[in-house]
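Written below as structure tokens is the structure these notes are about.
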Amino acid sequence: MIRFDSVSKFYASNSRPALNDVSIEILKGEFVFLVGASGSGKSSFLRLVLKEERPSKGRIHVLGQDLGSIPNRKVPFFRRNIGVVFQDFRLLPNKTVFDNVAFTLQVIGKSKGFIQEAVPDTLKMVGLASKTARYPHELSGGEQQRVAIARAIVNKPAILLADEPTGNLDPSTSQGIMTLLERINSGGTTVVMATHDAGIVDQMQRRVVELSAGQVMRDEREGGYVTAAVPVQEFSLGGTGVVR
Amino acid sequence: MRWSLIWREVGQGLARNLSMVVSVVLVTFISLTFVGAAILLQFQVNQMKGFWYDRAEVAVYLCSPVSLGTCNQAEASQEQKDAVQAQLQSETLAPYVESFEFENHDQAYTRFQEQFEGNAVADLVTPDLLSEAFWVKLADPDDAELLHDSLSSLAGVESVVDQRSYLDQIFSVLNAASITAVAIAVLMLVAAVLLIATTIRLSAFSRRRELSIMRLVGASNRFIQTPFVLEGVLAALLGSVLAGAAIVGIVYFFVQGYLSSTLTTISFISVDDALIVVPILLGIGALLAAASANVAISRYLRV
């Protein structure tokens, strides 16, 4: 489903790589937590999967396609198979809940009939069937995130990427969002979720990939947020080897 | 579905940036009016060339008592006139000469009186002051140089003048006006292109949330860029239509309505010529707008 072969990513402004020689494989139907400190490379990982960035080194395969060989003008069609959810929801403030979700289908050229069927179905699934005519500012944070999730899955993507989807929500609301993501996952959608929320990771007992300074520190099935093993931290001394 | 959505986006974009759109319309209007005026001036020059070059003749002026230079203020003798006529009829020149006629002092005087009727100089001139001349019509007006070479050295010939040299001065003035119009038009078009690009960037910036979501969910590049290109093209087309109307109006009211009735001897361009220019202006306007809008929006399409 997603395969990284020795992928490194350097940004021009930073001499330290965002991802350093990462090799990982995520299978169809898996639920994967991506954990690690800020700047550990979680977001870079998700952006690479979405082909918003190119790897500096290595190869990435997503959905059986080599991302390096997809021409720019085909990238939009590739993205239709991937849903994305963000910490800050990114809803359109001047559109209703229904229109926010329908917008996704409109801009990829789906028919009116299809939209009239798919959008209410999806909104019902995320539990917002009664709030289709509301505007985002009339909803709570948890409800807004549900709209964002509905928008991400309305086109039935094979992969759902979530970048700290519970980052702005209180614990009980987060719990509801996780239940929803779990239900989406049980429908066969691969879910990759970057998070800082230790409670959720510990409770879910799913696959956990920990990144630190761009490297995979551990990859555990049914793992928790913190591992029992002593974490190995790498320090760079800037090449001089002298510590004052 | 798709197109109704795109047109709605276009309408929203135009309404949101109304002041910028108005300025784009005005700048394209003015610049394309100059382009149209330059094209019309060229039409006018060509039309006058066609009209006058056919009628232009070469004048072989003979010496008169007031002629200076080689003539020594002596009237050309009958032998000298015969020599010029013989030269014109000779085998070397005959193929180039379509016809010629001799104009004596009295005929020249009559023509002069007609041309300068009402002018004070008409009262001062007497027939003997005006040169006699052979008026030569050439088969090909471009061969005037040939006639000049073979006749101007003959005794009794004061000068050989190609009438086209008078016309060329008029044409060079018209050409200069046309080049000036083109230069102004080019400057204005550069401004128009930059303005369109800025307008489109503003429009894209005000819709950046929608754009980022469109890119995220996989809207095709063409779908994203079409509303913006249409926005630029519509604004520019509106300006082009105004410019076309201005060009037709200028020809109809000023050239045909005023100039033609005032200067009856000159043939002027007609409204038909102006109607040829209109689609050219529309094409230039639409093409430039589409190109600059495309370039402006491309930075929002990078993946």
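None of these values were measured; they are calculated from a predicted model. In what follows, chains carry the letters A, B, and so on, assigned in the order in which the sequence lines appear, proteins first and then strands, with residues in each chain numbered from 1.
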Smallest heavy-atom separation, B/Ala185 atom then B/Ser31 atom, equals CB-O, 3.8 Å

Among B/Leu230, B/Val229, B/Ile224, exactly one meets side-chain contact (heavy atoms from CB on, under 4.5 Å) together with B/Thr226. Which residue is that? B/Leu230

Contact check, side chains of A/Arg16 and A/Phe10, non-hydrogen atoms, under 4.5 Å: no

For residues A/Gln106 and A/Lys110, determine if any side-chain heavy atom of one lies less than 4.5 Å from a side-chain heavy atom of the other. no

Side chain, backbone, both or neither: which part of A/Asn100 has an atom under 4.5 Å from a heavy atom of chain B? neither

Heavy-atom contact with chain B under 4.5 Å, split by part of A/Leu50: side chain

For A/Phe78, is it the side chain, the backbone, both or neither that has a heavy atom under 4.5 Å from a heavy atom of chain B? neither

